[in-house]
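Structure, as structure tokens:
If you're wondering where the values come from, they're calculated on a predicted model, not measured in any experiment.
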Amino acid sequence: MPCGRPRRTEVVPDHAICVVRRRRPQCGLGGNILQLVREGGRPALDGPELLRRFCIGDPTLADHSGELWSRCLDHRTRDLVRIGALIAMSAPDVSLRSAIDDALSAGVAAEEIIAVMDGLVTVVGLPRAVAAAPRIASALGYAEDLQDDER
């Protein structure tokens, strides 16, 4: 019985996620099967599976929160998306300032942060972007320069 044999498994560490290659040559599945496995042996979700679980409101989503986000997006991109989301929801100043500080530390340029705000105008509306502008200016250290322009 070829399918009854133990599978050979190779684990290649990649931060908290491991790529597991399983060989099942005679089970009709072809060569290697790649499966992402989190440390501790729980499978990590790929994009379509994660989307399916969101669609059905799977209560285990909290167990996988942020895995795909961390694997697929680099730190700079995650920081820019976070800033965009905080602007869109009119988040508190401290949240927006923290996100901007994190982004600047990750090498995001001030102009890129301003570009996110500008790009959101068509999504969230001009009033929300205008409301966020002074808070972004303050977090970027431009607040004093803007006060001089108002005189």
| Min side-chain heavy-atom separation Asp46-Leu68 under 4.5 Å | no
| query | Given side chains that start at C-beta, do those of Leu104 and Ile113 come closer than 4.5 Å, heavy atoms only? | reply | yes
| said: Are Val81 and Trp69 packed together at the side-chain level, in the sense that at least one heavy-atom pair is separated by less than 4.5 angstrom? | reply: yes
| note | Between the OG atom in Ser90 and the CZ atom in Arg135, the distance rounded to the nearest 0.5 Å is 6.5 Å
| field | Expected output: side-chain Ser138 to main-chain Pro134 donor-acceptor under 3.5 Å | value | no
| said: With a 4.5 Å cut-off on side-chain heavy-atom distances among I, L, V, M, F, W and Y, is there a chain of contacts connecting Val121 to Ile136? | reply: no
| request: Check whether any side-chain N or O of Ser98 sits under 3.5 Å from a backbone N or O of Val94 as a donor-acceptor pair, and report yes or no. | output: no
| task | Kindly compute the distance separating CG (Leu126) from CG (Leu120), expressed to the nearest 0.5 Å. | result | 12.0 Å
| task | Give the minimum heavy-atom separation between Ala106 and His75, together with the two atoms involved. | result | CB-CD2, 3.2 Å
| message | How long is the straight-line distance from CD1 of Ile87 back to CZ of Arg128, given to the nearest 0.5 Å? | response | 11.0 Å
| request: Measure the spacing between CZ of Arg97 and CD1 of Ile83 and express it to the nearest 0.5 Å. | output: 12.5 Å
| request: For Arg53 and Asp58, indicate whether the former's side chain and the latter's backbone hold a donor-acceptor pair under 3.5 Å. | output: no
| note | Rounding to 0.5 Å, atoms CG (Asp79) and CG (Asp101) come to a distance of 10.5 Å
| field | Inter-residue atom distance Ile114.CD1 - Leu140.CG, 0.5 Å rounding | value | 5.5 Å
| message | Asp102: which residues meet the salt bridge (charged side-chain N to carboxylate O under 4.0 Å, His left out) condition with it, sequence neighbours left out? | response | Arg82
| field | Cluster check Ile100, Val130: I/L/V/M/F/W/Y, side chain < 4.5 angstrom | value | no
